[in-house]
Amino acid sequence: MPDLSPLLDRIVQRIGAHYVLTAPEDMAPYLVEERGLYHGTAPAVLRPGSTEEVAFIVAACHAAGVRIVPQGGNTGLVGGQMPAGEMVLSLSRLDHIRNVDPVDMTMTVEAGCILDVVHDAAEAVGCLFPLHIASQGSCQIGGNLSTNAGGTAVLRYGNAKELVLGLEVVLADGTIWNGLKRLRKNNAGYDLKQLFLGSEGTLGIITAAVLKLYPQPAQRITAFAGVPDPKAALALLARLRAEAGDALTTFELMASFGVETVLKHMAGTVRPLGGTYPWYVLVELSAPTRAFDLGALMEAGLGAAMEDGLVLDATIAASEAQAAALWRLREDMSEAQKHEGGSIKHDVSVPVSRVPEFLERALALVEAAMPGLRPCPFGHVGDGNIHFNLSQPVGMAKADFIKEWQRFNRIVHDVVSELDGSIAAEHGIGDLKRDELAHYADPVALKLMHRLKAALDPRGTLNPGKVIAG
Ligand SMILES: Cc1cc2nc3c(=O)[nH]c(=O)nc-3n(C[C@H](O)[C@H](O)[C@H](O)COP(=O)(O)OP(=O)(O)OC[C@H]3O[C@@H](n4cnc5c(N)ncnc54)[C@H](O)[C@@H]3O)c2cc1C
């Protein structure tokens, strides 16, 4: 390990000693991630306060041959933000909203803005920023864009990538690229921002972004339904889309085990329907006007589906509080699952039409592979994205179960691959799935990824070993 003191001294001089953390107790929060799967190590955590300070640090590290891991809110689920001996560069002090423009319908924000703060700023001018994920109270917009986050409104508004007009990025040698355009149309050469969206901090450090805003919904209606199987859920999706068109904002599928787990462990949750059903869906319709009655649309859609046997029972929220209670059954699922011991997780997607086939095949294979396993599949079925989570058999040691992760990866990802799906739907590749990507990716695509990395970061300064081997 080279002597880093001269480099750290220069950085201290530029950003201040207070923002260069080296004591283990100060660095600790930056070195563990949500699930406790990763325990990072780093010589220092650097907390710059401006784009220029980020650029200074990156240039200095690049020149010294020292590697950097960018970190946002540290809510990532694939270990992308965890260092293995590299410097951590935290974006959390870059938290200013530079501009909100309700005429352009844009907001220019710095990378360290917490997603909930972005929501509030949009709402303050009567607008909506429609990226909604359960970690929105702590994840940052830079992390959201770097992972191309998904969430529960992708059906209507698209992934994080689709919500961006411009970016400001610090490149691997410290150069600042100012691409903060607020344009809806811009075909002037290559669309460079796409290189950095979803590249998990391996090609550049996002320091600011121009986000797209949408009109605030004037009405929103939430329903929860019990369905016999995923095939019926898809038929219901098609029917509601035909009825409600673009107003269909959320369509989430949950297995019975997941809902029961939430009801068992999460205080204040309430059983939504009189009976229990094998599968459930959470549906939301929203519209920016009151020109038509969403409640009537939902009622008619669910009623007709019930007559056809696609829906076994359903409830429509009559108040904000009831809607929030229904949402908790979906949003608390990951948290509730922690109470059931070890969990092996797969964030996968297949073409929407193939979700039932995926679930049928994958469930049969994993259940046969380990008696007593308790599958907990749920997710954004309207986007073909299933969180195919597996809870350990009751009584098995958690550590013994987690050791089986790779065996289950192969089972689940083989099915995904055969169905022309993706092994990484919305959480990214990071460290967790790097080898899986190398196993399943098209060889030409993989080669192009390596060439891109070599072109933009020839010295491997940024987030080495994440996404692709470095
Ligand atoms: C309870 C819970 C629920 C979740 N639900 C969802 C969900 O529904 N949908 C979903 O997509 N994700 C979900 N996630 C995952 C996670 O919240 C997202 O991946 C989020 O976008 C990460 O943002 P972050 O700021 O925490 O980034 P971090 O975890 O800090 O970093 C994630 C990656 O981005 C890189 N990075 C961070 N900031 C920058 C930057 N400014 N420039 C360049 N690279 C950067 C890091 O190096 C790392 O590779 C959930 C996580 C939790 C804990």
Side-chain angles (χ1 to χ4, degrees), residues 29-38 40 45 48 51 54 58 67-83 86-95 109-116 118 131-154 159-161 163 167-172 195-209 250 252 330-338 345 347 349 378-380 383 385 387 389 424-434 457 462-467:
Y30 301 85
L31 302 181
V32 283
E33 49 82 67
E34 210 256 346
R35 300 181 192 175
L37 284 182
Y38 289 90
V45 173
T51 300
V54 173
V58 175
R67 295 163 160 205
I68 298 167
V69 175
Q71 192 178 96
N74 191 12
T75 68
L77 296 173
V78 290
Q81 73 282 20
M82 278 296 117
E86 300 88 5
M87 295 276 193
V88 173
L89 191 151
S90 165
L91 277 301
S92 52
R93 287 182 62 226
L94 274 75
D95 61 354
V109 298
E110 295 186 348
C113 283
I114 303 285
L115 180 53
D116 259 349
V118 174
L131 181 67
H132 285 283
I133 62 179
S135 54
Q136 60 200 30
S138 37
C139 63
Q140 299 174 5
I141 200 72
N144 301 147
L145 303 186
S146 302
T147 54
N148 187 23
T152 50
V154 171
N159 288 305
K161 236 179 209 189
L163 306 175
L167 282 185
E168 177 186 83
V169 179
V170 171
L171 305 177
L195 292 172
F196 305 102
L197 297 169
S199 64
E200 301 181 52
T202 60
L203 301 180
I205 299 182
I206 296 172
T207 48
T250 294
E252 301 281 306
R330 164 64 185 87
E331 293 204 315
D332 286 3
M333 202 155 283
S334 300
E335 195 55 37
Q337 234 199 315
K338 288 181 188 161
K345 305 194 177 197
D347 163 44
S349 65
F378 64 94
H380 320 296
D383 318 321
N385 175 195
H387 298 309
N389 293 359
E426 63 174 8
H427 297 159
I429 294 291
D431 178 77
L432 191 71
K433 293 189 180 174
R434 182 194 49 235
D457 183 15
L462 298 178
N463 223 353
K466 307 292 168 49
V467 184

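In listed order, ligands and their atoms are each counted from 1. The structure presented is a predicted model; accordingly, all values stated were derived computationally and were not measured.
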Q: Could you tell me whether a side-chain N or O of Q136 sits under 3.5 Å from a main-chain N or O of I133, the two making a donor and an acceptor?
A: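 Pair found, side chain donor or acceptor close to backbone of I133.
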
Q: H427: which residues meet the ring pair (Phe, Tyr, Trp, His ring centres under 6.0 Å) condition with it, sequence neighbours left out?
A: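 With sequence neighbours excluded, H427 shows a ring pair (Phe, Tyr, Trp, His ring centres under 6.0 Å) to H387, given in chain and number order.
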
Q: Kindly tell me which protein residues have any non-hydrogen atom under 4.0 angstrom away from an atom of ligand 1, grouped by chain and ordered by number?
A: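 The 4.0 Å shell around ligand 1 contains E34, P70, Q71, G72, G73, N74, T75, G76, L77, G80, Q81, L91, A111, I133, A134, S135, C139, Q140, G142, G143, N144, S146, T147, A149, G150, G151, E200, G201, G204, I205, I206, H380, E426, H427, N463.
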
Q: Looking only at side chains, do E33 and N74 share a donor and an acceptor under 3.5 Å apart?
A: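 Short answer, no.
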
Q: Mind checking side chain to side chain contact (heavy atoms under 4.5 Å, CB included) for V69 and listing every partner two or more places apart, or none if nothing turns up?
A: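 With sequence neighbours excluded, V69 shows a side chain to side chain contact (heavy atoms under 4.5 Å, CB included) to P83, E86, N463, K466, given in chain and number order.
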
Q: Identify, with sequence neighbours excluded, every residue that meets salt bridge (charged side-chain N to carboxylate O under 4.0 Å, His left out) alongside E426.
A: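 With neighbours one apart ignored, the set is empty.
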
Q: Please answer whether the main-chain N or O of K161 pairs with a side-chain N or O of N148 as donor and acceptor at a distance below 3.5 Å.
A: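 The answer is yes, because a donor-acceptor pair under 3.5 Å joins these two groups.
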
